[in-house]
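When reading the values below, keep in mind they use all heavy atoms of this one structure, side chains included, and skip hydrogens, waters and symmetry mates. Reminder, nothing fancy here: chain letters follow the sequence lines and each chain counts from 1.
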Number of protein chains: 2
Amino acid sequence: MKRQPTPDHLLLDQQLCFALYAASRSVTGLYRPLLEPLGLTYPQYLVMLVLWEQDGLTVRELGQRLQLDSGTLTPLLKRLQTAGLVSRQRRKEDEREVDIRLTDAGLALRDKASGIPECLAQCMQLSLDQMQTLRDELKRLTRQIQLPPSED
Amino acid sequence: MKRQPTPDHLLLDQQLCFALYAASRSVTGLYRPLLEPLGLTYPQYLVMLVLWEQDGLTVRELGQRLQLDSGTLTPLLKRLQTAGLVSRQRRKEDEREVDIRLTDAGLALRDKASGIPECLAQCMQLSLDQMQTLRDELKRLTRQIQLPPSED
DNA sequence: CAAAATTGAATTGTACACAATTTAATTTTG
DNA sequence: CAAAATTAAATTGTGTACAATTCAATTTTG
């Protein structure tokens, strides 16, 4: 009774998903030593990127931009608040919403972060063109996936 | 005193890292409803893929294949054991190593999983060729990143 | 060969992710 | 307008990730 070999399509090295998962974690790992001096984790850095771009968003708006829900963002934002980088305030117009704003320290941190993208680009050994192409392919993939699998 | 606009290279939409991070989480999300009937999470599915391919690896070998450490794998493997899908046994030759083996149920699960890759391919709306190209680009990126940033 | 160094898992502690529920505020509707 | 429905955060619970430490087993070395 010989055991059937695994069919090709179940081989780990065939999986796009694993290539994505591994690449994402590897890149995040590259950020770690660069963000550590700023006192930020990678997801916290993403939140800061959004706020540096547009300050004063609600938790919901941040979540839409990063595709994260309040279960992830609420504790993360509390840590950023404890670190003195953002403030959290209920909105006057609608008390259900919480306004996230950069503090002076949070805004100032942008300067210390401004060298990071270039540093990363070097670490990844890709040309600017290669990076843009790959990035846009991944965006397209994410966009197409956005439509749910088969919710009838 | 007007606030400086964020420089282009700090814009979220410019980041390859975020495109990767978002795509990876989106794809994992696609797996969720497919793996739920099998009682697996996505990282658990990856472990099963490795074991279906080669049974009887140590925690360390699994970790090398998936780029995960014992802090992640030990609890994950205990859950797979509790689910009756794998066994964990100290190796006779070297008692430090723990051998992970599929149970009959673990091996049997492969048949129920065999349709998943095709299902995913459809959800991603990519041709087989596009998938392979993207996968190989990501593998190359991960491989290049493997070399540490600048550990002198 | 015994002390020192190394190795492999496990453990501890922090920080995501995300489903599901809860709570409070607002909007809709009969 | 008041009850019902909806919405936004927060909370709860489970499961990763990963750094750092611990512990036991094996290797290396003086």
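Residue-level contact check: B:Arg88 touches the backbone only, with heavy atoms under 4.0 Å from sugar-phosphate atoms and none from bases. In this structure, B:Arg79 reaches the bases: a heavy-atom distance under 4.0 Å links it to at least one base atom across the strands shown. Using a 4.0 Å heavy-atom distance criterion, B:Leu76 is classed as a sugar-phosphate-only contact. In this structure, A:Thr41 reaches the sugar-phosphate backbone alone: every heavy-atom distance under 4.0 Å involves primed, P, OP1 or OP2 atoms, never a base.
One interatomic measurement links the two molecules: CG of A:Leu35 to P of D:dA19, which rounds to 14 Å at whole-angstrom precision. When the C1' atom of D:dA19 is taken as reference, atom CD of B:Gln67 falls 17 Å away, rounded to whole Å. If you measure from atom CD of A:Glu61 to atom P of D:dA8, you get 10 Å, rounded to the nearest angstrom. Atom pair B:Arg25:CZ and D:dA17:P shows a separation of 12 Å (rounding to whole Å applied). For the pair A:Leu68 CG and C:dA15 C1', the computed distance is 13 Å after rounding to whole Å. In this structure, B:Tyr42 places its OH atom 22 Å from P of C:dC16, rounding to the nearest Å. Rounded to a whole Å, the CD atom of B:Glu97 is 18 Å from the P atom of C:dT6. Nucleotide D:dT16 holds its P atom 9 Å from the OH atom of A:Tyr21, rounded to whole Å.
Proximity of A:Val27 to B:Leu16: side-chain heavy atoms (C-beta onward) are nowhere separated by under 4.5 Å. For the pair A:Leu126/B:Arg140, a side-chain contact is recorded, criterion being any heavy-atom separation below 4.5 Å from C-beta on. Looking at B:Glu137 and A:Glu137, their side chains come closer than 4.5 Å, going by heavy atoms from C-beta outward.
For A:Thr28, no side-chain nitrogen or oxygen approaches OP1 or OP2 of D:dA17 to under 4.0 Å. Using a 4.0 Å cut-off, some side-chain N or O of B:Arg32 falls inside it from OP1 or OP2 of C:dC18. Remark: A:Lys78 is not in phosphate contact with C:dC16, judged by side-chain N or O atoms under 4.0 Å from OP1 or OP2. For the pair B:Arg60 and C:dT7, the criterion of a side-chain N or O lying under 4.0 Å from OP1 or OP2 is not met. For A:Arg90, no side-chain nitrogen or oxygen approaches OP1 or OP2 of D:dA9 to under 4.0 Å.
Looking at A:Gln67, its side chain never comes within 3.5 Å of a backbone N or O of B:Ala22 through a donor-acceptor pair. Put simply, the side chain of B:Thr103 gets close to the backbone of B:Leu85: a donor and an acceptor are under 3.5 Å apart.
For A:Thr74 and D:dA9, a side-chain-to-base donor-acceptor distance below 3.5 Å is absent, hydrogens and geometry of angles not being considered.
The partner of C:dT27, taking Watson-Crick or G-U wobble pairs whose two distances both stay under 3.5 Å, is D:dA4.
Both A:Asp94 and A:Gln44 lie near DNA chain C, and the one whose nearest nucleotide falls closer to the 5' end is A:Gln44. Toward the 5′ end of DNA chain C lies the nearest nucleotide of A:Thr72, the other residue of the pair A:Lys92 and A:Thr72 mapping further downstream. When each of A:Val98 and B:Glu95 is assigned the nucleotide of DNA chain D with its nearest heavy atom, A:Val98 is the one assigned upstream, toward the 5' end.
For B:Arg96, whose side chain is taken as the heavy atoms from C-beta onward, the closest listed nucleotide among C:dA25, D:dA17, C:dG8 is C:dG8.
To the nearest 0.5 angstrom, A:Leu20 atom CG is 11.5 Å from B:Arg135 atom CZ.
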